[in-house]
Amino acid sequence: MQKSLFGKYLRNTMIIVFSSFVVLGSVMMVFFSGYTKNDKRKLLTQSANSMASITSAVDITNAGTPQLLGLFVQSFSLNIDADIFVTDLEGTVLFGAYANSTSRVGTQFTPFESVPPDIVARAAAGSFSGTGRKNGIYKDPYYVIGVPLYASTGDKTPVGAVFAATNATTLTEYQFAAFQMFLIAAAAAFVLAFCVVGLFSYRLVKPLRQMSAAAKSFGNGDFSMRVPVTSSDEIGQLALAFNNMADSLSNSESMNRSFVANVSHELKTPMTTIAGFIDGILDGTIPPERQTHYLRIVSDEVKRLSRLVKTMLNLSRIDNGELKLRPADFDISETVLSTVLTFEKSIEEKHIDIRGLDTLTPQQVRGDEDLLHQVIYNLVENAVKFTNKGGYIAFTVSDSIDRVAVAIENSGSGIQADELPMVFEKFYKTDKSRSQDKNGMGLGLYLVKTIIKLHGGDITVSSTVDQYTQFSFYIPKPQEAPKLKPAYSVPVEDAVITERPKKEHRGHTKDDSSNQ
């Protein structure tokens, strides 16, 4: 049988509470028993000493004195609920009162007439403390205290002994009554603890049960369930993290479905075109004079499929961590200029005004020239694709102490504010209708951001709807070690300056990019 966390926590907690009550009760009863016994012995000792002082102060040989002392002892015995009796040195009981024994055994109690001489001797010698049953005074267990009795207050010669005794059952009943009160209080506290711990345990494991149900729902493909966050403790933080994970899974699932739809569309369209034209050529539907025209269309579609496959391979390399940098120094302004010239035909067709190229100055950066060329190519392709007819594209390359920044701005419809944080996500496409972006898969900007991150830089996007969109990225400059001051300097006119020839780099083949 499966044991729930709720049952385990409740059971273990109640075992700890019960064990604590047992230990507390045991320790309390041990100390309480010792305290009551010591307190009772102290009371009996004080009572016996008081009775001995009173007896020593009067003349017991007087005819009326024993009767008077008997009445006093009887009253004293009732007040302290103890037996009090006086003996001579031979152990003969002279007088006494037995309130405690009478209350225990009823009116049938018969006072004893003598006490064992050895007990009297011990009491007369100083003091006696013991149980009456063991020493032969009582038949039942009693706490007995004996003190010496002197003839007069100033005389130190004992003439007898005074005993004070109480039944041990009295203390046992008192302790049992205290134990009963403890049991009642402990039972009430245990029930209260059970209710409180049970409620707390239920509330503690409730989010975990909800997470378990949500996880099962995720396994079935339903990512709509969320766990309510009702606290800010560890469980609340776990629930919040779980919900964030669910959001990520939901977004990933949505993107994957969109990706499958995009890939299916991208593969279906060129393959259908290729198959149709090839079949038309083979069966003679397309006349020979038009075959060259349609073969060029087939060639374009094949290149489109090649770009699609290459994009997917680049994505796989990024996900597997196989994309490595080949850093070198190159002029990024020259890369921007050469990339823009690649789109000269499209720019002229849309009558786009190109701004900022005439003010570009050489800016050396260190990085993988081919990959950064891919970044600029994708960004320029997006800008050309989404710029309105007669609009503009502006380029800026700026230099600062620790970085070189590139900004590409284009006019057009722009990007909605709620879509800006997602434009760098995999498979994300802002143009759902495909009216503008018919070739993109939603991977270009993801590749762009990944490449920039590999170089230690970052890329941002800003946009105003129906006005402009601007992508800005920067590449950090390599940190140089501090140079030591030379011991001597060479005059400028005597120095020979040689310039190292620049090494030419060729860019990657241009790849298809995603839309904004």
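Start at 1 with the first residue, then count along the sequence.
Listed by chain and residue number, Q175 satisfy the side chain to side chain donor-acceptor pair (under 3.5 Å) test with S33 (two or more places apart in sequence, or in another chain). Qualifying ring-ring contact (aromatic ring centres under 6.0 Å, His included) partners for F242, counting only residues two or more places apart in sequence or in other chains: F218. Remark: F277 engages Y294 in a ring-ring contact (aromatic ring centres under 6.0 Å, His included) (not counting sequence neighbours). Taking the ring-ring contact (aromatic ring centres under 6.0 Å, His included) definition, one finds that F32 meets it with Y174, sequence neighbours left out. For N388, the side chain to side chain donor-acceptor pair (under 3.5 Å) partners are S411, not counting sequence neighbours. Residues passing the salt bridge (charged side-chain N to carboxylate O under 4.0 Å, His left out) test with R290: none are found, sequence neighbours excluded. In this structure, the side chain to side chain donor-acceptor pair (under 3.5 Å) partners of S472, at least two apart in sequence or on a different chain, are Q470. For the salt bridge (charged side-chain N to carboxylate O under 4.0 Å, His left out) test, residues two or more places apart in sequence or in another chain that qualify with R355 are D353.
Under a 3.5 Å cut-off, the side chain of T13 and the backbone N or O of L10 do not form any donor-acceptor pair. No donor-acceptor pair under 3.5 Å is formed between the side chain of S306 and the backbone N or O of V302. A donor-acceptor pair under 3.5 Å is formed between the side chain of H455 and the backbone N or O of I451. At distances below 3.5 Å, at least one donor-acceptor pair connects side-chain atoms of T45 with backbone N or O atoms of R41. Distance alone, capped at 3.5 Å, is enough to place a donor-acceptor pair between the S19 side chain and the I15 backbone. Using modelled atom types, no side-chain atom of K40 and backbone atom of Y35 make a donor-acceptor pair closer than 3.5 Å.
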*Under the side chain to side chain contact (heavy atoms under 4.5 Å, CB included) rule, what do I16 and S20 come out as? Steps first, then yes or no, please.*
CA-CA 6 Å; I16 293 174; S20 301; 4.3 Å; yes
_Derivation of the side chain to side chain contact (heavy atoms under 4.5 Å, CB included) call for L43 and T166_ = CA-CA 10 Å; L43 177 62; T166 186; over 6 Å; no
*Yes or no on side chain to side chain contact (heavy atoms under 4.5 Å, CB included) for T342 and E381, after CA distance, side-chain angles and deciding distance?*
CA-CA 10 Å; T342 305; E381 183 183 39; over 6 Å; no
*Begin with the C-alpha distance, continue with both residues' side-chain angles, and end with the deciding distance and a verdict on side chain to side chain contact (heavy atoms under 4.5 Å, CB included) for V406 and T396.*
CA-CA 6 Å; V406 178; T396 305; over 6 Å; no
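When only modelled atom types and interatomic distance are considered, Q374 and D370 share no side-chain donor-acceptor pair under 3.5 Å. With 3.5 Å as the limit, one finds a donor-acceptor pair spanning the side chains of Q363 and T361.
For I286 against Q291, the heavy-atom pair with the smallest separation is O-NE2, 3.5 Å. The nearest pair of heavy atoms linking T460 to F424 is C-CZ, 4.4 Å. Between V298 and I274, the shortest heavy-atom distance links the atoms CG1-CG2, 4.0 Å. For the pair K385 and K350, the tightest heavy-atom approach, listed with the atom from each and the gap, is O-NZ, 3.3 Å. I452 approaches I459 most closely through the heavy-atom pair CG2-N, 4.1 Å. The minimum heavy-atom distance between V380 and F395, with the atom names listed, is CG2-CE2, 3.8 Å.
Looking at I408 and I393, their side chains come closer than 4.5 Å, going by heavy atoms from C-beta outward. In this structure, N382 and N410 have side chains that are not in contact, with every pair of non-hydrogen atoms separated by 4.5 Å or more. Side chains of V404 and V397 form a contact here, defined as non-hydrogen atoms less than 4.5 Å apart. Residues L372 and I475 are in side-chain contact: their nearest non-hydrogen atoms beyond the backbone lie under 4.5 Å apart. Side-chain contact between N378 and L445: absent, with no pair of heavy atoms (C-beta onward) separated by less than 4.5 Å. Within the 4.5 Å cutoff, the side chain of T169 has no heavy atoms near those of the P141 side chain. Contact of the V375 side chain with the L447 side chain is not registered, since no non-hydrogen atoms from C-beta on lie closer than 4.5 Å. In this structure the side chain of I281 reaches within 4.5 angstrom of the side chain of L295, judged on heavy atoms.
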Check residues 176-196 and write down every donor-acceptor pair under 3.5 Å in which the side-chain atom is one partner and the other belongs to a residue at least two apart or another chain.
none

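For residues 389-413, the salt bridge (Lys or Arg N to Asp or Glu O under 4.0 Å) pairs, not counting sequence neighbours, are D399-K477. Residue pairs meeting the side-chain hydrogen bond (donor to acceptor under 3.5 Å, both in side chains) criterion with at least one member in residues 279-288, sequence neighbours excluded, are D283-T285. The stretch residues 453-463 participates, sequence neighbours left out, in these salt bridge (Lys or Arg N to Asp or Glu O under 4.0 Å) pairs: K453-D458.
Here Y377 and F343 bring their ring centres to under 6.0 angstrom of each other.
Considering CD of E334 and CD of Q364, their distance stands at 9.0 Å, rounded to 0.5 Å.
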